[in-house]
K.L.:
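Please find one structure pasted underneath; my questions will follow.
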Amino acid sequence: MTKYLFHRLTKGVITNHRVENTSIGFCEFCFRHSLVFNNLEPILCNNYKFLKFKKTYKIIVGVIIFFTLPTLLFFCFLYIKYHEPLPYGSKGKKADDLATKMLVAVNYEAFVGTDVFEWTYKNRRHYKWEKTKNICEVYWKQYKVSLNLNDSRLHKAHVHSFKVDGDLAEKLIRKAVKYYENDSFWVFAPYRVFDEGVKRELVDNNDLLVTYKNGDSYLWILDDHGMPISFKMWTSQFPIDGIEVLWSHWKTTETGAKLPTLIKFFIFGTEITDIKGTG
């Protein structure tokens, strides 16, 4: 009697084997097929590894798409809605007069008469700026850096109140300078419209376009008294030109200078707290 044993393995490596009782014993049959399975084992293992990798790859791609697609769509929405070209303005007395009106509104004389300003930016970094000495102390985490804004060779860095030198000090000083340049701008920008190298232009007879040495431009929108309401930005650090940022909740310091406590872009806000100004 003839027995047929059917094996359906990958790509028909073993398709149909006939086993006759009179010609081959069961042990020999198993031995022959064990050789075939030994040859198939690396192929099956590789296929399993490939399927496992493919599944992991799909999960990773899915996670990336889940987080990046909404961000991309949001950016496209902002770009289409808010992007606008840099406006043209006219230089001269009218532009300077509007800039002066803004300085009067924020009490520039009080700003000049203030010796020390303090503020905290986004609850992350605290500043104490001795304006008359032009020295600013920057605090964050366990670090303190004293910046001499007149002579960079006199910068000092501390960790847990201990003075540090070398590479660590240089790294902390570079970071503190970057923090100060960014954070102080958002506090004192209205007072800097007559700084050296700054260009002023009048736009639509009501708005003041201010361009700094680095090429960044800001279009100030003022109320009837010259108080800043917001500005639109054209900067190298932000990909959408003409985005509007609101300046609000102004605080009058002890000396009379006015500083913002909330800078708001769309639904995102930057808080400036612990504001002090002493003579």
Side-chain angles (χ1 to χ4, degrees), residues 71-72 74-103 105-106 108 111-112 117 119 121-122 124-125 127 129 131 134 136 138 147-152 155 173-222 226-248 259-260 262-266 268-270 272:
T71 303
L72 181 61
F74 179 66
F75 174 80
C76 292
F77 165 76
L78 293 179
Y79 188 88
I80 294 172
K81 184 174 178 62
Y82 295 105
H83 179 82
E84 59 183 71
L86 181 68
Y88 293 99
S90 57
K91 301 177 183 179
K93 185 177 182 303
K94 289 185 177 181
D96 290 346
D97 288 346
L98 185 58
T100 301
K101 184 178 181 179
M102 181 171 69
L103 289 180
V106 296
Y108 181 74
F111 170 80
V112 173
F117 282 104
W119 73 95
Y121 184 81
K122 297 175 68 172
R124 297 178 184 175
R125 297 179 286 274
Y127 297 85
W129 178 31
K131 188 165 65 65
N134 212 14
C136 186
V138 186
L147 298 176
N148 189 311
L149 303 175
N150 294 323
D151 189 349
S152 61
H155 294 336
I173 289 170
R174 284 196 303 269
K175 185 171 289 189
V177 169
K178 183 178 179 181
Y179 286 157
Y180 170 79
E181 290 177 348
N182 177 78
D183 300 352
S184 65
F185 175 82
W186 294 103
V187 181
F188 302 109
Y191 296 101
R192 297 179 176 178
V193 292
F194 280 99
D195 284 2
E196 183 181 357
V198 176
K199 299 178 182 179
R200 295 163 297 281
E201 298 177 65
L202 183 66
V203 178
D204 296 332
N205 295 319
N206 295 310
D207 302 329
L208 179 66
L209 181 64
V210 178
T211 303
Y212 293 89
K213 287 182 179 181
N214 61 0
D216 292 346
S217 296
Y218 302 85
L219 182 67
W220 285 100
I221 290 88
L222 312 175
M227 197 67 185
I229 300 173
S230 64
F231 66 34
K232 295 183 178 181
M233 303 188 303
W234 289 263
T235 72
S236 57
Q237 297 181 345
F238 203 78
I240 302 176
D241 290 338
I243 201 74
E244 187 171 11
V245 178
L246 301 177
W247 290 57
S248 62
L259 301 176
L262 181 62
I263 310 295
K264 192 173 183 181
F265 153 64
F266 197 53
F268 308 103
T270 296
I272 301 169

K.L.:
Should Thr100 and Tyr108 count as side-chain neighbours, where that means a heavy-atom distance under 4.5 Å?
P.N.:
no
K.L.:
Given side chains that start at C-beta, do those of Phe194 and Arg200 come closer than 4.5 Å, heavy atoms only?
P.N.:
yes
K.L.:
Ignoring hydrogens and angles, tell me if any N or O in the side chain of Asp216 forms a donor-acceptor pair with the backbone of Ser236 under 3.5 Å.
P.N.:
yes
K.L.:
Mark yes or no for whether Lys94, through its side chain, and Asn205, through its backbone, hold a donor-acceptor pair below 3.5 Å.
P.N.:
no
K.L.:
Any side-chain heavy-atom pair from Met227 and Trp247 closer than 4.5 angstrom?
P.N.:
no
K.L.:
So, for Trp186 and Trp119, is the gap between ring centers shorter than 6.0 Å?
P.N.:
no
K.L.:
How would you list, by chain and number, every residue that makes a side-chain contact (heavy atoms from CB on, under 4.5 Å) with Asp97, sequence neighbours excluded?
P.N.:
Lys93
K.L.:
Could you pull out the closest heavy-atom pair between Ile229 and Leu222, with the gap in Å?
P.N.:
CD1-C, 3.8 Å
K.L.:
What is the minimum heavy-atom distance between Asn182 and Tyr121, and which atoms define it?
P.N.:
ND2-OH, 3.8 Å
K.L.:
Excluding sequence neighbours, so at least two apart, what forms side-chain contact (heavy atoms from CB on, under 4.5 Å) with Asp151?
P.N.:
Asn148, Arg153, Leu154
K.L.:
Ignoring hydrogens and angles, tell me if any N or O in the side chain of Lys122 forms a donor-acceptor pair with the backbone of Asp183 under 3.5 Å.
P.N.:
no
K.L.:
Centre-to-centre under 6.0 Å for Phe117 and Tyr127, is that the case here?
P.N.:
no
K.L.:
Looking at Leu209 and Ser217, what are the two nearest heavy atoms and their distance?
P.N.:
CD1-CB, 4.1 Å
K.L.:
With a 4.5 Å cut-off on side-chain heavy atoms, are Phe185 and Glu181 touching?
P.N.:
no
K.L.:
Can you confirm whether Asn214 is buried at CG, in the sense that more than 12 heavy atoms of other residues, nucleotides or ligands lie under 6.0 Å from that atom?
P.N.:
yes
K.L.:
Could you report the tightest heavy-atom contact between Leu147 and His155, atom names first, then the distance?
P.N.:
CA-ND1, 3.4 Å
K.L.:
If you count the non-hydrogen atoms of other residues, nucleotides and ligands that lie under 6.0 Å from CZ in Arg192, is the total more than 12?
P.N.:
yes
K.L.:
Are the side chains of Tyr218 and Leu208 in touch, meaning some heavy atoms are under 4.5 Å apart?
P.N.:
no
